[in-house]
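These notes are about the structure you will find just below.
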Amino acid sequence: MSENFEINSFKKITKISDEELSELWKEYLSDRSNKTVRDKIIVQYIYLTRYVIGRIKVNLPPSFTYEDIASYGVEGLIDAVEKFSPNKGAKFETYALMRIRGCIIDRIRSSDWLPRTIRKKIKELKQASEILKQKLDRMPTTSELAEYTGLEKEKIDEILSSDTGVDSLYDKRGQGDDSIEIIDTIEDQKTERPEEAIEKKDAKRELEYALKKLPERERMLLVLYYHENMTLKEIGAAINISESRVCQLHAQAIMKLRNILSSNRNERLAKSICKI
């Protein structure tokens, strides 16, 4: 498989079962010269490259494209498949993520066009900025940075504007025991907070309880409408009543649910007050 594997082709990939994937691994580990089996395995894990790319912040000139970064990721994935040893106890996904990330960052940094002296000055300015941030409890201004380093503000702006490297969300900020990975400072909008998960679980339990209190026909109507995504007309045909009647029963069922749920909340509130 070429490292120029079309990254967008992951949409066309047919995922195989865990059992089938396990069989592919057994076949490949018994004969690592079998490139056909190797390529089949790579295709099944190509999604890992997209995962890593989404967690690496790249600030590069237009000469670097998404396809470039993706191809570096595929190189890392190929390397991971070829070198993976299950005897070491690590999951392949964990090992592959490290190899993919490392390959992307190494390839980008090896293409760094900035002189070493400029790169050194950028590093020194960032360190100075971090020190001032700890002292001031906020990001320092350019004037404060200039006073601390003895450089002119214009020179600082010039140096920092030439910074076109790559920052990983796994890079650390801070010093010593207080250092923390960038990714740990970003809120995961897709992951529920514990309190949200509990609230959702309670709401689901209340709704299930309320639904059981409805007459069977109204309960079935709501299931067909909200769970099966059937239209009112289709529901009417299914239970042999008119569409207008289905509409009436739907409104009636919703009103009953609201009353039951409201009653449950009032009961909980009353019990809570009694415990105070």
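Residue numbers count from 1 along this sequence.
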Contacts of Ser244 that satisfy side chain to side chain contact (heavy atoms under 4.5 Å, CB included) - sequence neighbours left out: Ser242
Is the shortest heavy-atom distance from the side chain of Lys256 to the side chain of Pro215 under 4.5 Å? yes
The criterion is salt bridge (charged side-chain N to carboxylate O under 4.0 Å, His left out); which residues satisfy it with Lys26, sequence neighbours excluded? Glu23
Please work out which of the three classes, parallel, tilted or perpendicular, describes the rings of Phe84 and Tyr95, given edges at 30° and 60°. tilted
Taking NZ, NE, NH1 and NH2 as the nitrogens, is one of them in Arg138 or Glu144 under 4.0 Å from a carboxylate oxygen of the other? yes
Side-chain donor/acceptor of Glu234 to backbone N/O of Thr231, under 3.5 Å: yes
Are Leu221 and Leu207 grouped together when hydrophobic residues (ILVMFWY) are joined by side-chain heavy atoms under 4.5 angstrom apart? yes
Is it the case that one hydrophobic cluster holds both Val74 and Phe92, taking links as side-chain heavy atoms less than 4.5 Å apart, direct or via other members? yes
Are any non-hydrogen side-chain atoms of Tyr47 and Lys15 less than 4.5 angstrom apart? yes
Checking the side chain of Thr149 only, and the main-chain atoms of Leu145 only, is there a donor and an acceptor separated by less than 3.5 Å? yes
Within the structure provided, determine whether Gln248 and Gln252 are in side-chain contact (heavy-atom separation under 4.5 Å). no
Within 6.0 angstrom of Met220 CE, more than 12 heavy atoms from elsewhere: yes
For Glu147, look at atom CD and say whether over 12 heavy atoms of other residues, nucleotides or ligands are found less than 6.0 Å away. no
Are Cys103 and Asp79 packed together at the side-chain level, in the sense that at least one heavy-atom pair is separated by less than 4.5 angstrom? no
Please examine the side chains of Lys233 and Val246, heavy atoms only from C-beta on, and report whether any two atoms are closer than 4.5 Å. no
Can you establish whether the number of heavy atoms outside Glu82 located under 6.0 Å from its atom CD is more than 12? yes
Please answer whether the main-chain N or O of Leu214 pairs with a side-chain N or O of Arg219 as donor and acceptor at a distance below 3.5 Å. yes
